[in-house]
Trainee: 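Have a look at this one.
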Amino acid sequence: MVSAAAAAATAAAARLRFHHPRCVAMLQACGSMVELLQLQAQMLRNGLFFDDPFAAGKMLEFCVRGVGNLHYAWKLFEQMTTRDTFAWNTLIQGHAASPSPGPALRLFARMAGGAARPNSYTYTFVLKACASLRATEEGEQVHGSMTKLGVDLEVFPANALISMYSACGRIELGRRMFDTCAAKDVVTWNAMVSGYLSCGFLDCARKLFEEMPEKGIVSWNAMINGYTAGGDIAAARDLFDLMHQRDTETWNTMIAGYAKCGRLDAARELFERMPTRNVVSWSTMISACAQGGRPREALVLFEQMQGQAVRPNWAAVVSLLSACGCLGALDQGRRIHWHVESNKMRVDSILGTALIDMYAKCGCIDGAAEVFSSLPCKDVFSWTAMIGGLAVNGHGERALELFRRMLADGVRPNAVTFVGVLCACSHLGRVALARRYFDSMSAVHGIKPQAEHYGCLVDALGRAGRLAEAATLVEAAPAAAAGRVLWATLLGACWIHGDVETGEAAADRLTELDHDDGGAYVLLSNIYAAKGRWDDARRLRADMRSRGLHKCPGRSSIEVSGATHEFYAGDRSHPRAEEIERMLEEMGSRLKLLGYAPNTSPVLFDIDEEEKEEAVSRHSERLAIAFGLLANPKGSPIRVVKNLRVCGDCHTVAKLVSSAFARDIILRDRNIFHHFRDGSCSCKDYW
DNA sequence: GTAGGGTTAG
């Protein structure tokens, strides 16, 4: 006679046999959160979710590893009646691999009170969490319980221990582990070599590398990366050349190494030679160009990458945004932002900051502010990008307000934050406040002022016309901060105020520091010319010519429907040069009606062919504005980026054009933004 | 049924 309970159990087992394989198969075919929810509903209805820990565990696994939804994984986990070790492991690993692994440790602690026992999988996951949290103490406790269980000498957990200790900077404990464990495999060796490398012990790493019984590609890659991080690119390349087999990461590592030490051409050469490129290869090369001052090349690479159907990932997007920022390529930047949103990419503080920076550098402060306010977690970098963005875009008050909010939020400012703060003070003409913030840097925040900070202060004094004080400040700057940037800032202020005497002194010092600074000669000669001292101006130009010096050529770019157009001073190479010419004439006649007379003082003397090109009426920014007027839709803003400071006459012209043509002009020069509207500029005529 | 070591990223 069969008992009722036994009959029920048999029936349940039969149901399981029927459902279980089907359920697992369906989970394997499951592709989205929606399908997951449907499947769970079905499993709840037929009782499988509660009766079958295996099926429930599979579901949890899919939720964590398949769709990466930790939030819902918790819900599933809490609903499960039987949580086996697998279920705990899955949730722990999900957190260990996430950007905030804290809950992994708490889950592990909670696990100790329950029925499921940790196994060697559990320990590798928990140790991973300790490693990324740099939680040495917790790591050691975990090690202790592993020893009790006897799993600490198994190869997987032992490797995890070595990695954990070296991530926590306790390389000696890692080495002790390495020496203790008998079951070593190639990963054990690699973990130890990498540990030495990340702790900066290159020689120990190399010694161990040489002793390795078998070296895998990963071992070589780790060494190459260690050398590039340590700045020894030659040693890295030697290893690279010695390798019999390389994988894509080998190439990527070497390319990144060249990029890090500024050897862009070498990086590019390897990039061209490598047999297969993955998304990291592209991102590496794109970021190398973006950071190495070749942003245009970065965007071209992006196009090629898309042509090969490689989708930009998070890192590529961050680099691309930085390239767009450099170029002031707003349309491109917006498109990438759109890509981020439509692909639901994780906008963390890094990507958020990249977006803020891109918008701010494109003069689109509303876009920057929108991203900033929507950022769930803001760190010092995001605050700094926003404060600096507001400051250079002529919103000094808002920048200072934001800085106060940042301090109130308990975020500690860094040196870059103060560049933004001081810049804001300078543009507001608040010299005393600038001084106070400057003094607070070391007194309150423990940050030593650098050249940039002195520069802002010089700028503030210069704007206020207090050039003598500014000169004293430059003289008094400590050696570490003093340098050509400071003198150049002072010279710029003298140029704006037409102060010959201080300007001469500044130019003298500047050419002492850098004999080949053509820019200093030009600036000083312009100061002379503006004062009518033609002989001095001419003498300086001749001197410059005889020494073969050139001023860095003026270059302006403008984005028209996604493509950037670049203009040099006197440039006639643009395909629409004739139309541009006509537009320049049109600008001239409309401005004349407004009473404009060109100030051509910089070019009234000693004109040779080259200088004719520099005639103010053909400055690069003016060509770009003319092109913007004819190529951009009526009423839309004209956005120009110039590599040097905007010239005074072009500044006047831009102001007048903004009213005569009813167009906003946003011109980014080397220092700040000029938002021209209705005949005036956000910089209040000082820059 | 689950794992580890090496590459990009403000």
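Here is the naming used below: chain letters follow the sequence lines, and residue numbers restart at 1 for every chain. No hydrogens, no waters, no symmetry mates; every other heavy atom, side chains included, goes into these values.
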Trainee: Suppose we call two aromatic rings close when their centres sit under 6.0 Å apart. Are F108(A) and W88(A) close by that rule?
Mentor: no

Trainee: Identify each donor-acceptor pair in which a side-chain atom of residues 98-105 of chain A lies under 3.5 Å from a protein atom, sequence neighbours left out, and give them as a table.
Mentor:
unit_1 : atom_1 : unit_2  : atom_2 : d
S98(A) : OG     : H95(A)  : O      : 2.8
S98(A) : OG     : S100(A) : N      : 3.3
S98(A) : OG     : S100(A) : O      : 3.2

Trainee: Between P on dG1(B) and CG on L91(A), what's the gap in Å once rounded to a whole number?
Mentor: 21 Å

Trainee: Among dT2(B), dG1(B), dG10(B), which nucleotide sits nearest the side chain of V318(A)?
Mentor: dG10(B)

Trainee: Please classify the nucleic acid contact of F125(A) as base, sugar-phosphate, or nothing, using heavy-atom distances under 4.0 Å.
Mentor: base

Trainee: Going through the distances and angles, do N190(A) and S219(A) end up as a side-chain hydrogen bond (donor to acceptor under 3.5 Å, both in side chains)?
Mentor: CA-CA 6 Å; N190(A) 288 344; S219(A) 329; 2.7 Å; yes

Trainee: Keeping to residues at least two apart or across chains, list the side-chain hydrogen bond (donor to acceptor under 3.5 Å, both in side chains) pairs with something in residues 292-303 of chain A.
Mentor: D265(A)-R294(A), R268(A)-E297(A), R294(A)-E297(A), R296(A)-T564(A), R296(A)-E566(A)

Trainee: In whole angstrom, give the distance that lies between atom CE of M59(A) and atom P of dT2(B).
Mentor: 18 Å

Trainee: Does the pair E210(A) and K207(A) meet the rule for a salt bridge (Lys or Arg N to Asp or Glu O under 4.0 Å), with working shown?
Mentor: CA-CA 5 Å; E210(A) 302 295 349; K207(A) 191 161 169 280; over 6 Å; no

Trainee: Could you give the CZ-to-P distance, from F156(A) to dG5(B), as a whole number of Å?
Mentor: 10 Å

Trainee: So what does Q291(A) touch, heavy atoms closer than 4.0 Å: a base, only the sugar-phosphate, or nothing?
Mentor: sugar-phosphate

Trainee: Does any donor-acceptor pair link the side chain of N119(A) with the base of dT2(B) at a separation under 3.5 Å?
Mentor: yes

Trainee: What nucleic acid atoms does V279(A) come within less than 4.0 Å of, heavy atoms only: base, sugar-phosphate, or nothing?
Mentor: nothing

Trainee: For DNA chain B, which residues in residues 372-386 of chain A have a heavy atom at a distance below 4.0 Å?
Mentor: D379(A), F381(A), S382(A)

Trainee: Any carboxylate oxygen within less than 4.0 angstrom of a Lys/Arg side-chain nitrogen, looking at R405(A) and D409(A)?
Mentor: no

Trainee: Base, sugar-phosphate, or nothing for K260(A), non-hydrogen atoms under 4.0 angstrom?
Mentor: sugar-phosphate

Trainee: Counting only side-chain heavy atoms from C-beta out, which of dG10(B), dA3(B), dG1(B) sits nearest to F86(A)?
Mentor: dG1(B)

Trainee: What is the separation between atom CZ on F62(A) and atom P on dT2(B), rounded to the nearest whole Å?
Mentor: 16 Å

Trainee: Give me the residues of residues 233-252 of chain A where at least one heavy atom lies under 4.0 Å from an atom of DNA chain B, by number, or none.
Mentor: D247(A), E249(A), N252(A)

Trainee: Between W189(A) and F178(A) (judged by ring centroids, cut-off 6.0 Å), do the two rings come close enough to count as a pair?
Mentor: yes

Trainee: Mind checking if A256(A) touches a base, just sugar-phosphate, or nothing, with heavy atoms under 4.0 Å?
Mentor: sugar-phosphate

Trainee: Distance-only check: which donor-acceptor pairs under 3.5 Å involve side-chain atoms of residues 223-233 of chain A, not counting sequence neighbours?
Mentor:
unit_1  : atom_1 : unit_2  : atom_2 : d
Y227(A) : OH     : R206(A) : NH1    : 2.9
T228(A) : OG1    : N225(A) : O      : 2.9
D232(A) : OD1    : A235(A) : N      : 3.1

Trainee: Is any side-chain heavy atom of K361(A) less than 4.5 Å from a side-chain heavy atom of C326(A)?
Mentor: no

Trainee: Counting only non-hydrogen atoms, which of residues 172-193 of chain A are less than 4.0 Å from DNA chain B?
Mentor: D185(A), V186(A), V187(A), N190(A)

Trainee: Please work out if S120(A) contacts a base, only the sugar-phosphate, or nothing of the nucleic acid, heavy-atom cut-off 4.0 Å.
Mentor: base

Trainee: What integer distance in Å separates D348(A):CG from dG10(B):C1'?
Mentor: 9 Å

Trainee: Taking only Lys NZ, Arg NE, NH1 and NH2, and the carboxylate oxygens of Asp or Glu, determine whether R237(A) and D241(A) approach each other closer than 4.0 Å.
Mentor: yes

Trainee: Taking the side chain as every heavy atom from C-beta outward, state whether I356(A) and S382(A) have any atom pair closer than 4.5 Å.
Mentor: yes

Trainee: From C-beta outward on A315(A), which listed nucleotide comes closest to its side chain: dT8(B), dG1(B), dG10(B)?
Mentor: dT8(B)

Trainee: Which is true for N225(A) with a 4.0 Å heavy-atom rule: it touches a base, it touches only sugar-phosphate, or it touches nothing?
Mentor: sugar-phosphate

Trainee: Can you check the M345(A) CE to dG10(B) P distance for me, whole Å?
Mentor: 14 Å

Trainee: Find out whether V279(A) and R311(A) are in side-chain contact, i.e. whether some heavy atom of one side chain is under 4.5 Å from a heavy atom of the other.
Mentor: no

Trainee: Without hydrogens or angle criteria, can the side chains of Y165(A) and H143(A) be said to hold a donor-acceptor pair below 3.5 Å?
Mentor: yes

Trainee: Output the rounded distance in Å from CG (D357(A)) to C1' (dA9(B)).
Mentor: 14 Å

Trainee: Looking at the side chain of S194(A), which of dG10(B), dA9(B), dG5(B) is the nearest nucleotide?
Mentor: dG5(B)

Trainee: Mark yes when over 12 heavy atoms from residues, nucleotides or ligands other than Q306(A) sit less than 6.0 Å from its CD; otherwise mark no.
Mentor: yes

Trainee: T284(A) side chain: which of dT8(B), dA9(B), dA3(B) is closest?
Mentor: dT8(B)

Trainee: Can you measure I255(A) atom CD1 to dA9(B) atom P for me and round it to whole angstrom units?
Mentor: 13 Å

Trainee: Identify whether any heavy atom of T90(A) sits under 4.0 Å from a base atom; if not, whether one sits that close to sugar-phosphate; answer base, sugar-phosphate or nothing.
Mentor: nothing

Trainee: Side chain of W314(A): nearest nucleotide among dG5(B), dT2(B), dA9(B)?
Mentor: dA9(B)

Trainee: NA contact type, S349(A), heavy-atom cut-off 4.0 Å: base, sugar-phosphate, or nothing?
Mentor: base

Trainee: Let's test your reading of the model: under 3.5 Å, does the base of dT8(B) pair with the side chain of S283(A) as donor and acceptor?
Mentor: yes

